[in-house]
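To start, the structure itself, in structure tokens.
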Amino acid sequence: MEDLTTRKARMARYTISIRTPKSPDEAFAYMADLRNFAEWDPGVVSVDQVDGSGPGPEAVFDVKVKAVPKDLVLRYRTMSFESSTKVVARAESKLLTSLDTITVAPDKAGSIVTYDAELTLNGLFSLADPLLGLAFNQIGGRAADGLREALDGVRLKDGKK
């Protein structure tokens with residue numbers, strides 16, 4: 001049986017930080033509401049909130065993502081919610097687990113938003129994690145472009161960790 005360190009080394013991960021003129025409160029409100037994912041991530045078809053009202057510790061969202069051979073709905077549950085600074089949402093299906101961490105920090109003229117997405121395949125599918133990492137880097141790059149535009153910001157760092 002493999003250990004957690006080995007598993008983490010194989011998982012697909014994409015991180016981006018954006019400097020935006022939006023205030024920390026404004027940037028966090030936008031990012032913590034997962035319904036906005038469909039506005040900036042071209043891999044997201046639609047998002048429906050199924051529990052809660054807007055972002056918050058009890059929020060649950062069904063995120064429909066483009067997949068082959070058909071679109072896949074992932075139910076994201078808020079795992080951690082620190083108002084105006086951090087939200088962690090997790091989705092798990094038979095096929096994969098996604099852990100998304102969003103942090104917002106004040107900056108001189110606005111804020112810095114960091115989006116960190118980890119994706120792992122479950123069960124026997126995990127053997128394909130290295131291939132998923134390659135594809136996820138391309139998918140993350142397209143999402144990063146959309147996020148930069150949505151936040152009217154500039155990239156500080158991005159790429160696979």
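Just so you know, residue 1 is the first one in the sequence shown, and it goes up from there. Owing to the predicted nature of the structure, the values given are computational and were not obtained by experimental measurement.
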Rounded distance [0.5 Å steps], CG in Asn36 versus CD in Glu39 = 4.5 Å
For residues Val104 and Ser111, report the shortest heavy-atom separation together with the two atoms involved.
-> CG1-CB, 3.9 Å
Using a strict cut-off of less than 4.0 Å between a Lys/Arg side-chain nitrogen and an Asp/Glu carboxylate oxygen, indicate whether Lys66 and Asp71 qualify as a salt bridge.
-> no
In terms of heavy-atom contacts, Thr114 and Ser17 come closest through OG1-OG, 2.8 Å
Taking atom CD1 of Ile112 and atom CG of Leu156, what is their separation to the nearest 0.5 Å?
-> 5.0 Å
Does Val65 reach the side chain of Leu74, with side-chain heavy atoms less than 4.5 Å apart?
-> yes
Using a 4.5 Å cut-off on heavy atoms from C-beta on, say whether the side chain of Val44 contacts that of Val63.
-> yes
Would you mind reporting whether Val88 and Thr78 have side-chain heavy atoms less than 4.5 Å apart?
-> no
Do Lys22 and Asp152 sit within salt-bridge range, that is, some charged N less than 4.0 Å from a carboxylate O?
-> no
Please check if atom CD in Glu58 has more than 12 non-hydrogen atoms from other residues, nucleotides or ligands closer than 6.0 Å.
-> no
Taking the side chain as every heavy atom from C-beta outward, state whether Glu82 and Val87 have any pair of such atoms under 4.5 Å apart.
-> no
Would you say the side chain of Arg77 lies within less than 4.5 Å of the side chain of Arg90, judging by non-hydrogen atoms?
-> no
Report yes if the side chains of Asp116 and Arg13 come closer than 4.5 Å at any heavy-atom pair, otherwise no.
-> yes
Atom CZ in Arg148, atom CZ in Arg155: separation rounded to 0.5 Å?
-> 7.0 Å
If you group Ile, Leu, Val, Met, Phe, Trp and Tyr by side-chain heavy-atom gaps below 4.5 Å, do Leu72 and Val47 land in one group?
-> yes
What one should report as the nearest heavy-atom pair of Gly54 and Ala59 is O-CB, 3.6 Å
Contact summary for Trp40 and Leu147, nearest pair of heavy atoms | CE3-CB, 3.6 Å
Spatial distance of atom CD (Glu26) from atom OG1 (Thr20) [nearest 0.5 Å] | 7.5 Å
If we only count heavy atoms from C-beta on, is the Tyr115 to Thr15 side-chain gap below 4.5 Å?
-> no
Under the side chain to side chain contact (heavy atoms under 4.5 Å, CB included) rule, what do Val60 and Arg75 come out as? Steps first, then yes or no, please.
-> CA-CA 7 Å; Val60 179; Arg75 178 155 290 177; 3.6 Å; yes
What's the shortest heavy-atom distance between Pro106 and Pro24, and which atoms?
-> CA-CG, 3.7 Å
Centroid-to-centroid, Phe81 to Phe28, below 6.0 Å?
-> yes
Side chain to side chain donor-acceptor pair (under 3.5 Å) evaluation trace for Asp100 with Ser98 | CA-CA 6 Å; Asp100 295 26; Ser98 179; 2.8 Å; yes
Could you give the distance from CG (Leu96) to CD (Glu118), rounded to the nearest 0.5 Å?
-> 13.0 Å
Do Phe61 and Asp51 pass the side chain to side chain contact (heavy atoms under 4.5 Å, CB included) test, and can you show the C-alpha distance, the side-chain angles, and the key distance before you say yes or no?
-> CA-CA 7 Å; Phe61 301 89; Asp51 209 358; over 6 Å; no
Heavy-atom closest contact (Tyr30 atom, Ala150 atom, distance) | OH-CB, 3.6 Å
Could you state the interatomic distance from OH (Tyr76) to CG (Asp62), rounded to the nearest 0.5 Å?
-> 11.0 Å
Quick one: does Ile102's side chain get under 4.5 Å of Lys86's, heavy atoms only?
-> no
